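Throughout, protein chains are lettered first and strands after them, A, B, ... in sequence-line order, and every chain is numbered starting at 1. Owing to the predicted nature of the structure, the values given are computational and were not obtained by experimental measurement.
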Amino acid sequence: MSLRIYNTMSRSKEDFIPLNPPKARLYCCGPTVYNYAHIGNLRTYVFEDILRRTLLFNGFEVEHVMNVTDVGHMTTDADEGDDKMQVAAQREGKSPWDIARFYEEAFFHDTARLNIQRPEITPRATEHISEMIETVQKLEENGYTYLTPEAIYFDTSKSEDYGKLARLNLNEQKQGARAEVIMDETKRNPSDFVLWFRNKPTHIMKWESPWGVGYPGWHIECSAMSMKYLGETFDIHCGGVDHIPVHHTNEIVQSECATGHTFVKYWMHGEFLLTNNAKLSKSTGGSINRLQALIDAGYDPLGYRYLCLQAHYRSELNFSVEALEGATAGLRKIYAARPENDPFANNETGYQEARKRVLDVINDDLGTPQAIGILHAYGSHRLWVEFDAILGLDIAKRSQPVEEALSEEVVALIEQRNAARKAKNWAESDALRNQLIALGFEVGDGPQGTTVKRKAL
RNA sequence: GGAGCCGUACCCAAGUGGCUAAGGGAGCGGUCUGCAAAACCGCGAUUCACCAGUUCGAUUCUGGUCGGCUCCUCCA
C-alpha cells in the first residue's frame, strides 16, 4: 500500500503524491525560542519526526525545513511572567538575541534526546527579514494591503477563499472572545492581520523597512522562509492543531496572494497533549512539564517518545506519570526481545508478510499505535529493529547487552556474592545483590553463578 | 455567541455495521529461584458514558441527554 495521509484541507485521507518525486518537501512550524519547550510542544515534533522517517522509509528524498521563531514578543515588558530564566536573563541585561539562542539550544538538546532527527534546514526568522519584506512588498503590489499608523495589514476581505483551511465562517466569529484581547481600532476587518509593525523605534528587535522601523508580523516568517527553501508550492506543511484557524489560515492567504498559486498540497496537524484532561500551558504547567524535569526524575526520554507513539497523532493524549511509567515498562519489554527467539528465524516468507502488515498500518496515516500492537504480538526482534528506522527507539543499540568492562569493584562484589551463595549465606548474599543494584545493574542468578547487566532503562 | 473534538477495562490506548472489541502497563496465578530480579506461560471489558431511532444486526450510523476538552486570543 502506498502512503496515505490525512489532509486537513480536505478533511480526509489522501494518497501522498509529491510534486516532484522522489523528493518530498516538508515544512514544519518550529519553536518560539523565548521559553523552554514543554512536553506538549515536543509531542508535535515527535509526530513530525515519525512523518519524516516514514517518508524516508518509503524511499522519498526528504527536504525538511523547520523555522526557529526568534523574533516577536520580545519587548522588555512583554510576556511579563513567571519564567525565571527569562526574567533572570533580562535582569542580567542579556539581549533578546541571547535569550533566543539560549532557548534554541535547549530546544535542540531536547529533540535530540527524543531521537528527533534534525531537519535539513532550520532557518531563523531574524536572518530572513529581507525575504519577509519582499513578500510583504509583493502583497502590497498585488493590492492586498493597507497601511495604518500601527502597521501594514493584510486585508482579508480581498481574498474570496480566506479561511478555507479552518472552514471559518467569519460572520459567526465573535471578536475578542476574551476580554483581555485588545482590538486595534484601525483594522478594517476583525480577521485582518499584521504583516509588519511600523513606527516601533523603542522595540528592542527592530529593522528598517519600506514602512518604517519595526518588526514582522507573526505569520510572515513561515511564508517567506518556506517558499525560499521549498519553492512557492510544496508538498506538506505541519504544525499543531492550534495553528489551523489563525496561523496557517493567514499563511495560506498571504502566500497565495503573493504568488498567485497554491501554497501547500497537504496540511497535517498534531493534536495536543493533555494533563489532567487540560492542555499544557506556561501559566498552569510550570517547569514540571519540561523534558528535563522528567529526566531529572529518573525517566528515560525515549519512554516519553514511546508513549507518544502509542497514541495516534490526531488524537489527544492524556499524559500522566502513571502513563509514562507504563510506556517505559512497555519499552523495556521491546528491548528484551531476544534475536535468538525470533519467530521468523527460519521463515522469510512469514517475515515479509509480517513486515507488510506493519508497514501498511504505518502508511495508513501514520498508524503507529496499531503498528506497535502488531509488533508486540509478533515479538520479533528483527522486525522491531527494522521498523525502529521509523519508531526511533534505539532498539538495536539498547537491546544488546552493553559490552562494558566491569570495574574491579563490581567483579569483586560478584565474586563475593558467588562465594556467599555457595556457602548458603543468604543474608550476605542479599546485601551484595543490593549493592550491585545500587550501582545500576540488574542482577540475576544462573547455573554459572551471578550475572550482571547494566539496566537499559 | 460561533466552530470542532472526545467519552472503550485500574492506567495509557487501537479498532470495527456482524468471526473471540488490538497492544502495552498495573494486578492476580504459575514456571524458574535459597529468596528474588529478569524472562516465559495463563487469567481480565457478555461490553464500548446514558437514552432513543435506523437496521436482520450498532460500540461503530442518526438524534437527544450528561460529562470533558480545544479553537475563535501569543500558544504544539
Would you kindly check whether a donor in the side chain of A:Thr328 faces an acceptor in the base of B:G25, or vice versa, at under 3.5 angstrom?
no
Euclidean distance, atom [atom1] of residue [X] to atom [atom2] of [N] [Å, nearest integer]:
X        : N     : atom1 : atom2 : result
A:Tyr162 : B:C72 : OH    : P     : 12 Å
A:Leu391 : B:G24 : CG    : C1'   : 14 Å
A:Leu317 : B:G24 : CG    : C1'   : 13 Å
A:Tyr335 : B:A39 : OH    : P     : 14 Å
A:Ile374 : B:G24 : CD1   : P     : 13 Å

[X], nearest nucleotide to its side chain (from [options]):
X        : options             : value
A:Ala311 : B:G25, B:C69, B:A14 : B:A14
A:Arg433 : B:C69, B:C72, B:C35 : B:C35
A:Leu273 : B:G34, B:A76, B:A38 : B:A76
A:Glu316 : B:G25, B:C12, B:C69 : B:C69
A:Tyr34  : B:C74, B:G24, B:G34 : B:C74
A:His38  : B:C72, B:A76, B:A14 : B:A76
A:Leu307 : B:C12, B:A26, B:C11 : B:C12
A:Glu322 : B:G24, B:A14, B:C11 : B:C11
A:His243 : B:C71, B:A26, B:C75 : B:C75
A:Asn318 : B:A13, B:C71, B:G34 : B:A13

Nearest-Å distance once atom [atom1] is located in both [N] and [M]:
N     : M     : atom1 : result
B:A58 : B:C19 : C1'   : 16 Å
B:G23 : B:G42 : P     : 11 Å
B:G24 : B:A76 : C1'   : 25 Å
B:U54 : B:C66 : C1'   : 23 Å
B:A22 : B:G15 : P     : 14 Å
B:A3  : B:U65 : P     : 15 Å
B:U59 : B:A9  : C1'   : 14 Å
B:A45 : B:U8  : C1'   : 8 Å

Under 30°, 30 to 60°, or over 60°: which ring-plane class applies to A:Phe263 and A:Phe234, parallel, tilted or perpendicular?
perpendicular
At 4.0 Å (heavy atoms only), tell me whether [X] reaches a base, stays on the sugar-phosphate, or touches nothing.
X        : result
A:His247 : nothing
A:Arg357 : nothing
A:Phe47  : nothing
A:His312 : sugar-phosphate
A:Gly444 : base
A:Pro245 : sugar-phosphate

Compute the centroid of each ring, for A:His237 and then for A:Tyr266, and state whether the two points are separated by less than 6.0 Å.
no
Would you say the rings of A:His219 and A:His248 are close, in the sense that their centroids are separated by under 6.0 Å?
no
Could you tell me whether [X] and [Y] make a salt bridge, using a distance below 4.0 angstrom between a side-chain N and a carboxylate O?
X        : Y        : result
A:Glu353 : A:Lys356 : no
A:Arg101 : A:Asp98  : no
A:Arg25  : A:Glu63  : yes
A:Lys187 : A:Glu150 : no
A:Arg357 : A:Asp360 : no
A:Arg290 : A:Asp110 : no
A:Glu256 : A:Lys164 : yes
A:Glu14  : A:Arg4   : no

Does A:Trp426 lie flat on the base of B:G34, that is, centres under 5.5 Å apart and planes under 30° off?
yes
Between [X] and [N], is there a side-chain N or O to OP1/OP2 distance below 4.0 Å?
X        : N     : value
A:Lys424 : B:G34 : no
A:Ser315 : B:A14 : yes
A:Thr32  : B:A76 : yes
A:Gln310 : B:G23 : no

RNA chain B: 5'-proximal contact among A:Arg417 and A:Cys29 (nearest heavy atom)
A:Arg417
Comparing nearest nucleotides in RNA chain B, the 5'-proximal residue of the pair A:Ala327, A:Ser429 is A:Ala327
Counting only Watson-Crick and G-U wobble pairs with both atom distances below 3.5 Å, the stems of 3 or more consecutive pairs that include RNA chain B are B:1-7 with B:66-72, B:10-12 with B:23-25, B:27-31 with B:39-43, B:49-53 with B:61-65
Heteroatom pairs (N/O) under 3.5 angstrom, protein to nucleotides 27-31 of chain B:
none

Contact check, side chains of A:Glu120 and A:Tyr229, non-hydrogen atoms, under 4.5 Å:
no
